[in-house]
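What follows is a single structure, written as structure tokens, with notes after it.
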2 protein chains.
Amino acid sequence: MDHLETRELRYFVAVAEELNFGRAAERLGIAQPPLSRAIRQLEHRLGARLLDRNRRGVALTHAGTVLLREARTALDAVGAAVRRTRRAADPQRPLALATKAGASHQLLRRLLDAVAAEPGAAPIDVILCEVGEQAGLLRSGRADVALMHHPFDDLAGFDTEALYVEGQVALLPAGHPLASRDELTLAEVQNVPDLPIARWPRLDGSYPDGPGPEVRTQSQLAQLVALGKTLLVIPASSRAWQWPEHVAVPVVDAPDVTTVIAWPPSSRSPAVAALVRTASALYDTARPAP
Amino acid sequence: MDHLETRELRYFVAVAEELNFGRAAERLGIAQPPLSRAIRQLEHRLGARLLDRNRRGVALTHAGTVLLREARTALDAVGAAVRRTRRAADPQRPLALATKAGASHQLLRRLLDAVAAEPGAAPIDVILCEVGEQAGLLRSGRADVALMHHPFDDLAGFDTEALYVEGQVALLPAGHPLASRDELTLAEVQNVPDLPIARWPRLDGSYPDGPGPEVRTQSQLAQLVALGKTLLVIPASSRAWQWPEHVAVPVVDAPDVTTVIAWPPSSRSPAVAALVRTASALYDTARPAP
DNA sequence: AACGGCTCATACCGGACGGGTATCACAGCG
DNA sequence: CGCTGTGATACCCGTCCGGTATGAGCCGTT
């Protein structure tokens, strides 16, 4: 047979993530024997061993790791199909807009105002994300559109429209010597001995090596700056979330950051199209006065 | 309930494409009543009407068109999961490389030679495509890697590495006045009255309006040029498939075309990685002598 | 070395549900 | 006013999913 059911993929993902049939079964709300049987059937249908059942637990084979990755994206796609269809069926549905918390605050406020001013425009649910969550939300259909930032975010696979281009500033603790400068260069902020760059977790949750503090959220980062433990280089508009204890100094040679509005390719529903149009109009008025 | 099974998606796609339960059931190899029931259940689970059952046939609702699109990509993803897992499980698996028939012929030949010269490299199956088929093959897991051409092909959603940059030439029928020129400009070839640009089908199979002949394959196009019915502007290396009746004249101001090797993001299996490395090495040797 | 724990696999059974056949209801059309 | 073609309904059957009970290795423990 050739066709997999999503049930089989869900089961496999649970086992592959838990690496333990018992816990996986519990998570799935079924008993362990049917799960064992389902995985065995799956292996048989694919003609591939997916798990090494050694003594004491299970390990993924190479084919298993491939399937785990592929199954996750496939399940994402199925889930997205469900959510997008439900949204499409509901004429009152609010559009879900994902954006990085604290970033592009002015732009977002103006966008929401502009949409509210339009008669008949769909209401908008704003989903505030940390770091690079927007892509996942778009892909899984939990968000209809997102504000993202080139070149920080990975825009691969989305249609986008530029909304705003801006320079970057260094955010420094107020008392620091560099904070009194009118402008800085990347070379100057790159290696400040007493303000090492903070480290963000990788996708797997581990942290790269380095001298800087480990952070997971923007609030942590903001506080660390206020405490004089680190500095960061961010788009100028992110000054919106700077604290009184922060000082922002333009970094003249930092690459420009473009705020874009992004949506899943070829899923331009009328509501999304209208929102993109409204946003683009904002861009045209925003460009003269940045 | 929240989880759809791929079976339901397959059934819906069949109905949505046939717009007729009987034919859809036949295509699926089941009887019509169970199919009706399945679709009805699907609508109930999604809480959305997908089809308008008027007298005499069915029509898609808005939600239905959304689900049709989403279901296709979701089924693609599931199919890709199956194929990629099977490939991963087979140590002898040949890598499937998709490329436009006739394009980048020299590069392909050198790539295949280079791979063959490497001890222990996986064998390569070449899939020759028309126009933009490569993206679909990559997405559905039928191909592991593809040679694509920026800016012609849509590279969104893939990781790529540049292999070759080249200018473009105008391909003209040998007897035509322009064929005797040493070089041309875009403006000159854009609107030649007796050689209108050919028209390619859109995704839905329909053709845009215009004076040029309708074509579906490169061979058709090549023959039309030889017959003095049209001209085309193509990458210089595509001269490989020019006929004796053709003349190629460089178009000096046409944008450069970059041949890239593309693969699905984050699915860089060892074999794919090795192939990309071999190809990149070719690029370095190819650049000095284009 | 024997035991108890933890793992996953096997055996078996019941019930839900997917699929089949037969038939109906309804619209268009000659 | 039948005939044709549509999808919907009714009902039955068989498969297969999921449950319980139990077995079989492998470990660490005593």
Side-chain angles (χ1 to χ4, degrees), chain A residues 1-61 63-65 67-68 71 75 78 82, chain B residues 1-61 63-65 67-68 71 75 78 82:
Chain A
M1 263 315 163
D2 216 46
H3 295 297
L4 288 199
E5 293 304 320
T6 61
R7 182 180 50 81
E8 314 184 69
L9 294 178
R10 286 197 309 274
Y11 286 7
F12 175 74
V13 169
V15 173
E17 284 179 355
E18 300 284 349
L19 291 177
N20 177 313
F21 279 76
R23 283 197 300 276
E26 191 179 3
R27 193 173 113 186
L28 292 165
I30 65 171
Q32 170 259 317
L35 180 58
S36 281
R37 191 179 55 189
I39 299 294
R40 190 160 284 282
Q41 276 181 12
L42 178 61
E43 286 182 312
H44 192 254
R45 285 169 136 200
L46 290 173
R49 294 229 346 286
L50 302 170
L51 299 170
D52 270 332
R53 283 94 156 161
N54 333 14
R55 73 258 169 191
R56 217 122 200 113
V58 242
L60 287 171
T61 64
T65 61
L67 182 58
L68 176 58
L75 290 176
V78 173
V82 173
Chain B
M1 263 315 160
D2 217 47
H3 296 297
L4 288 199
E5 294 303 320
T6 60
R7 181 180 51 80
E8 314 185 69
L9 294 178
R10 286 198 309 273
Y11 285 9
F12 175 74
V13 168
V15 173
E17 284 179 355
E18 299 285 348
L19 291 177
N20 178 310
F21 279 75
R23 284 196 300 275
E26 190 180 3
R27 193 173 110 185
L28 292 166
I30 65 172
Q32 171 259 317
L35 180 58
S36 281
R37 193 179 54 187
I39 300 294
R40 191 159 284 281
Q41 275 180 15
L42 177 61
E43 286 181 312
H44 192 256
R45 286 169 133 200
L46 290 173
R49 293 229 346 285
L50 302 170
L51 300 169
D52 271 330
R53 283 94 158 162
N54 335 12
R55 71 249 170 202
R56 218 119 198 112
V58 261
L60 286 171
T61 64
T65 61
L67 182 59
L68 176 57
L75 290 176
V78 174
V82 173

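Below, each value reflects all heavy atoms present in this structure, side chains not excepted, and no hydrogens, waters or symmetry copies. Every chain is numbered from 1, with letters handed out A, B, ... down the list of sequences.
Counting only heavy atoms from C-beta outward, the side chains of A:D52 and A:L60 never approach each other to under 4.5 Å. In this structure the side chain of A:L68 never reaches within 4.5 angstrom of the side chain of A:L50, judged on heavy atoms. The side-chain heavy atoms of B:L42 and B:Y11, taken from C-beta on, include no pair separated by under 4.5 Å. In this structure, the side chains of A:I39 and A:R53 come closer than 4.5 Å at one or more pairs of heavy atoms. Contact check for A:L67 versus A:L46: side-chain heavy atoms found under the 4.5 Å cut-off.
A donor-acceptor pair under 3.5 Å is formed between the side chain of B:E8 and the backbone N or O of B:E5.
Within residues 9-29 of chain B, the residues that have a heavy atom under 4.0 Å from DNA chain D are, in order of number, B:N20, B:F21, B:G22. Near DNA chain D, meaning a heavy atom under 4.0 Å away, the residues from residues 32-42 of chain A are A:P33, A:P34, A:R37, A:Q41.
Across the protein-nucleic acid pair, A:E5 atom CD and D:dC16 atom P stand 12 Å apart, rounded to whole Å. Taking atom CD of B:E43 as the reference point, atom P of D:dG7 lies 13 Å away to the nearest angstrom. Look at CZ on B:R49: it is 15 Å from P on D:dG7, rounded to the nearest Å. When rounded to the nearest whole Å, the span between CZ of A:R53 and C1' of C:dC8 equals 8 Å. Whole-Å rounding puts the A:E8 CD to D:dG18 C1' distance at 15 Å. In this structure, CG of B:L51 is placed 14 Å from C1' of D:dA8, rounded to the nearest angstrom. As rounded to whole Å, 11 Å separates atom P of D:dC17 from atom CZ of B:R7.
B:T6 and B:R10 are linked by a side-chain donor-acceptor pair at a separation below 3.5 angstrom, with hydrogens and angles left out of the test.
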N/O donor to acceptor pairs below 3.5 angstrom from side-chain atoms of residues 21-29 of chain B, sequence neighbours left out:
{"residue": "B:R23", "atom": "NE", "partner": "B:E18", "partner atom": "OE1", "Å": "3.4"}
{"residue": "B:R23", "atom": "NH2", "partner": "B:E18", "partner atom": "O", "Å": "3.2"}
{"residue": "B:R27", "atom": "NH1", "partner": "B:E17", "partner atom": "OE1", "Å": "3.2"}
{"residue": "B:R27", "atom": "NH1", "partner": "B:E18", "partner atom": "OE2", "Å": "3.1"}
{"residue": "B:R27", "atom": "NH2", "partner": "B:E17", "partner atom": "OE1", "Å": "2.8"}

